[in-house]
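Just so you know, these numbers come straight off a predicted model, no measurement behind them. For this chain, numbers begin at 1 and follow the sequence in order.
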Amino acid sequence: MTIINISTLEAKYIDLCEGIGVLPNQGVLSALFKARAKKSRNEVCDLELSLDYLKDEDIHPLLQISADINVSEIEAIDIQNDCSCVLSGENALSFMREVSQKLRVVDLQDWPFGKDFLRDISQTGLSCQVLNIRCSQFSKLNLVGNFIQLHTLNFDFSSSLSSFREDCFTCMPNLKILSLCETKIANIWTTVAAISKLPSLEELRFQTWISYDDTIFWRHKTVPGIVASSSINNEEQDYNLSTEECFGNLSPTDTPINIHEIYEDLSEDSNMDHMSSIQEYDFPELSTDAFSGWSLDDWIWQDEVSSETLNQNKDESPTGNYTSCNASPICLEKHYREFMITSLPKLKILDNLPIKDIDRELAATTFSNYFEFLPYRRKHKVSVTSILQGREIKASHRNFRCTIKSQDFYTRSLCAAKVGSAAWPLLQPLTISGNTNESRKFRPRQFEYHPSNSSLMVFGTLDGEIVVVNHENGKVVSYVPSLGAMNCVLGLCWLKRHPSKVIAGSDNGTLKLYDIQQTPPTAMGMFGVTFDDFDHLTSVHVNATDELFLASGYSKDVALYDIGSGRRLHMFTDMHREHINVVKFSNHSPSIFATSSFDQEVKLWDLRQKPVQPCYTSLSSKGNVMVCFSPDDSYLLVSAVDNEVRQIQAVDGRPHLNFEIAPTGSFQNYTRSYYMNGRDYIISGSCDEQIVRICCAQTGKRLKDVYLEGKDTASMFVQSLRGDPVRDFNLSVLAAYTRPSSKSEIVKVNLLKSSSNTKEYSKDKQSCPLKSLGG
């Protein structure tokens with residue numbers, strides 16, 4: 001095959017332009033001239049083409065000579081753009097595909113063609129070796145096309161990127177370097193699940209650690225649109241260097257570089273002289289055009305985060321005077337580095353720090369102390385099929401001397417296998433329809449699963465409606481309209497021995513008992529028994545025998561009611577120093593109840609002793625939002641403002657577990673927690689966060705975080721949540737949104753099923769006030 005020289009290629013390009021009546025593009029001619037000059041100096045002959053200088057009429061002659069480019073002296077083609085490109089996405093992509101044999105680097109910065117162009121690249125792929133994309137137009141990454149040649153992928157500064165779809169990264173067998181600095185990625189569990197599909201990955205970045213004092217030392221810094229040289233390709237790299245040695249290698253040992261001098265130099269008109277002075281200090285080789293359209297804040301570091309802020313304890317951060325720059329939110333996760341190192345065992349460099357053997361040992365210990373790899377302390381992922389086969393083999397060898405494992409063992413093993421295979425749990429909104437199958441719009445504010453009927457759920461709305469729904473099919477079973485008597489419903493509680501009855505209380509003090517068997521799906525009048533009002537109500541709860549219920553609210557008092565007679569028996573006054581947000585009876589002792597107050601105290605009371613003095617008082621460091629008993633009444637689960645969640649012994653209030661959930665620093669981050677799977681696990685969520693955290697109730701270890709994601713994930717928060725009393729690893733979340741035009745909704749979460757084959761739920765949402773009230 002004859003190799004075409006660049007001069008011939010250039011002449012043919014000019015002839016083609018004349019033939020179709022267009023002027024040769026000066027950017028193309030300049031790129032060919034530079035390539036010819038490199039060839040004459042025996043340098044790598046690459047063609048650096050900027051799409052900023054191309055128009056749609058320039059593409060036709062380029063497509064006609066693309067076959068010649070593929071057999072020419074040009075060894076590699078690098079394509080880049082800034083944000084001023086007028087070329088259509090279709091033409092740009094056509095040219096990149098035609099020169100795919102030589103395509104090396106594709107650098108797209110704030111690409112003007114929008115989501116369709118990016119979706120095309122994601123679905124079909126590119127044959128380049130290096131792909132740099134900085135874009136603010138997408139939030140979920142789903143690269144499922146053919147990226148066989150790709151070894152470096154950079155999404156730094158893609159400010160809207162927050163998560164990955166399940167099939168992302170499945171077609172990148174040769175990817176070695178992945179950089180995701182300064183994105184919105186936060187979910188460490190789904191991130192690891194996606195990245196673990198990259199078999200060749202060696203270097204990963206979500207932030208960059210740098211050393212600085214009054215003077216900043218710098219050697220390697222990722223510049224937007226530039227791929228810095230990686231130490232991965234250096235065969236002499238020692239991955240067992242200590243942290244101090246590592247940072248020593250990142251900084252020159254001769255003359256320090258003062259950042260203020262660099263700023264002054266770069267702010268001058270003449271860049272060429274200053275660029276040569278920068279390269280004296282072993283900076284990455286940069287062209288004078290590299291900084292076009294970029295500010296110094298983009299180039300160096302902005303919004304620095306200290307290691308003390310980024311990591312909750314000193315053992316997690318590099319030693320010495322170092323700071324993190326361009327960090328994504330995932331770096332704020334406690335024990336982030338240890339989690340990553342343990343979960344991605346083939347990784348060699350994390351956040352520009354080599355991973356040494358001692359790092360892996362310490363990370364494994366930390367992971368074991370703070371995280372649960374699989375439910376019920378299972379250490380290895382096993383398929384559901386293997387578990388079922390094992391159970392059948394055991395059952396068929398009854399004469400064989402072996403320990404017959406309990407049914408609970410197999411049930412838990414099956415749950416562990418399913419949770420382990422569903423990194424992206426199934427999230428589905430509760431869609432409600434009436435008898436005519438029309439979808440009905442409600443504004444839920446409180447909800448409760450039925451304690452014995454697995455298909456039923458009751459919820460109260462901001463408009464005072466009471467709705468009993470079959471949450472499996474969305475059909476309304478019973479409906480009570482407001483009719484002006486009820487305001488926002490904050491208290492709901494099913495009776496246990498009379499499972500068709502439910503007590504509801506609203507914030508205006510109205511208290512009613514409803515029988516769903518007597519209330520049709522489309523009620524025209526008010527049904528039920530009315531009790532004396534309890535002003536500013538936030539919570540109601542029925543005792544174990546269905547004889548009594550308690551009400552609390554925005555006061556220091558608690559009211560005791562007799563369900564049979566409908567009378568208020570007593571008003572216990574001044575039980576706390578501040579208002580009592582939640583009151584709960586125990587599940588088995590009809591006279592024992594607990595109160596939680598914003599005075600930071602949780603108190604246990606006994607009606608048999610006339611609640612003047614509590615049995616004991618347990619103190620939190622912040623105001624308590626709620627308290628609940630474990631299903632067997634062994635423990636109290638206490639939730640205070642801003643993720644302070646702890647478990648105490650119900651018998652005497654002794655501390656049992658502190659779940660050590662990282663605070664946000666907000667005094668309005670009201671936290672609620674409940675039990676799931678009996679008392680095996682707890683679920684916890686807060687109104688300033690879209691995260692549901694799942695922790696082991698025996699060890700306190702974190703099993704998983706579930707993120708509630710919509711189009712605008714920042715607008716979502718957890719208003720309330722409940723564990724399904726019948727189905728293991730199922731829960732529901734009342735998700736509320738800050739936008740006035742959006743509505744709240746109940747989202748069902750199934751940790752045993754994957755969301756990969758389901759559609760995203762609707763993003764039509766509604767705001768909800770009263771974040772701190774009720775459970």
I'd like to know if the side chain of S754 reaches the main chain of A423, judged simply by a donor and an acceptor atom lying under 3.5 Å from each other, with no hydrogens or angles considered.
no
Please identify each residue that fulfils side-chain hydrogen bond (donor to acceptor under 3.5 Å, both in side chains) with D705, with sequence neighbours left out.
R702
Kindly say whether S328 contributes a backbone atom to a donor-acceptor pair with the side chain of T183 at under 3.5 angstrom?
no
Main chain of K753, side chain of W424: is a donor-acceptor contact present, judged purely on distance under 3.5 Å?
no
Would you please test L426 and V749 for side chain to side chain contact (heavy atoms under 4.5 Å, CB included) and show each step?
CA-CA 6 Å; L426 176 61; V749 181; over 6 Å; no
Using the rule given for side chain to side chain contact (heavy atoms under 4.5 Å, CB included), can you reason through R337 versus L350, listing the C-alpha separation, both sets of side-chain angles and the distance that settles it, and then say yes or no?
CA-CA 8 Å; R337 184 171 177 84; L350 178 60; 3.5 Å; yes
Closest heavy-atom pair, W209 versus D351, reported as atoms and distance to 0.1 Å, is CD1-O, 3.7 Å
Would you give the length of the straight line joining atom CZ of F459 to atom OG of S744, rounded to the nearest 0.5 angstrom?
9.5 Å
Does N91 reach the main-chain N or O of I59 with its side chain, forming a donor-acceptor pair under 3.5 Å?
no
Is it true that a side-chain atom of D156 and a backbone atom of C181 form a donor plus acceptor pair closer than 3.5 Å?
yes
Can a donor-acceptor pair be found, under 3.5 Å and without considering hydrogens, that links the side chain of N142 to the backbone of R165?
no
Under 3.5 Å: donor-acceptor pair, side chain of S200, backbone of L175
no
Residue pair P444 / L734, side-chain heavy-atom distance below 4.5 Å:
yes
For the residue pair D688 and T664, confirm or rule out a side-chain donor-acceptor distance under 3.5 Å.
no
Considering all heavy atoms, the nearest L752-C415 contact
CD2-O, 3.7 Å
Is the Y681 ring parallel, tilted or perpendicular to the F729 ring (thresholds 30°, 60°)?
tilted
How would you list, by chain and number, every residue that makes a side-chain contact (heavy atoms from CB on, under 4.5 Å) with A640, sequence neighbours excluded?
S620, K622, N624, E644
Test log, rule side chain to side chain contact (heavy atoms under 4.5 Å, CB included), inputs E338 and F367:
CA-CA 6 Å; E338 289 79 3; F367 186 96; 5.6 Å; no
Nearest-0.5 Å distance that lies between atom CD1 in I683 and atom CG in N677
9.5 Å
Separation between CG of L118 and CG of L108, rounded to the nearest 0.5 Å:
7.5 Å
Before accepting this row, confirm whether a basic side-chain N of the pair R104/D78 lies closer than 4.0 Å to the acidic partner's carboxylate O.
yes
Rounded to the nearest 0.5 Å, how far does CD of E166 lie from OG1 of T190?
10.0 Å
Quick check: do I330 and M340 have side-chain heavy atoms less than 4.5 Å from each other?
yes
Do we see a donor-acceptor contact under 3.5 Å between the side chains of S732 and Y449?
yes
Taking every heavy atom of P429 against every heavy atom of E745, the minimum-distance pair comes out as CB-OE1, 3.8 Å
Supply the atom-to-atom distance L131 CG to L126 CG, rounded to the nearest 0.5 angstrom.
6.5 Å
Between the side chains of N326 and E182, is a donor N or O closer than 3.5 angstrom to an acceptor N or O?
yes
Going by heavy atoms in the side chains, are V130 and N154 under 4.5 Å from each other?
no
Tell me, do N174 and L150 make a side-chain contact under 4.5 Å, heavy atoms counted?
no
Would you say the side-chain atoms of S639 pair up with the backbone N or O of R672, donor to acceptor, closer than 3.5 Å?
no
Do any N or O atoms from the side chain of T342 and from the backbone of F339 form a donor-acceptor pair under 3.5 angstrom?
no
To check you understand the geometry: which heavy-atom pair defines the closest contact between T671 and S686, and what is its length?
OG1-OG, 2.7 Å
Cation-pi check for F659 against R693: NZ or CZ below 6.0 Å from the six-membered ring centre and within 45 degrees of the axis, yes or no?
no
N750 versus P425, closest heavy-atom pair with distance:
O-CB, 3.7 Å
Parallel, tilted or perpendicular: ring planes of F164 versus F169, cut at 30 and 60 degrees
tilted
In terms of heavy-atom contacts, does NZ of K748 have more than 12 from other residues, nucleotides or ligands at under 6.0 Å?
yes
Do K701 and E372 meet the salt-bridge criterion of a basic N to acidic O distance under 4.0 Å?
no
Chi angles and distances behind the side chain to side chain contact (heavy atoms under 4.5 Å, CB included) call for I661, D642:
CA-CA 9 Å; I661 301 173; D642 201 19; over 6 Å; no
Non-hydrogen side-chain atoms of R205 and E203 separated by less than 4.5 Å
yes
Any side-chain heavy-atom pair from I694 and V706 closer than 4.5 angstrom?
yes
How close do F138 and I133 get, counting heavy atoms only, and between which atoms?
CE2-CG2, 4.4 Å
Looking only at side chains, do N730 and D724 share a donor and an acceptor under 3.5 Å apart?
no
Between K381 and L374, is there a side-chain heavy-atom distance shorter than 4.5 Å?
yes
Would you please say whether a donor-acceptor pair under 3.5 Å links the side chains of R97 and T124?
yes
Rounded to the nearest 0.5 Å, what separates atom CG in L201 from atom NE2 in H151?
13.0 Å
Stepwise side-chain hydrogen bond (donor to acceptor under 3.5 Å, both in side chains) test for N669 and E689
CA-CA 8 Å; N669 191 31; E689 302 174 89; 3.2 Å; yes
Please tell me whether S324 and Q207 have a donor and an acceptor in their side chains that are separated by less than 3.5 angstrom.
yes
Got Q428 and V747 here, is their nearest side-chain heavy-atom distance under 4.5 Å?
no
Measure the acute angle between the ring planes of F371 and H335, then classify it against the limits of 30° and 60° as parallel, tilted or perpendicular.
perpendicular
Would a distance-only check, ignoring hydrogens and angles, find a side-chain to backbone donor-acceptor pair under 3.5 Å from N643 to A662?
yes
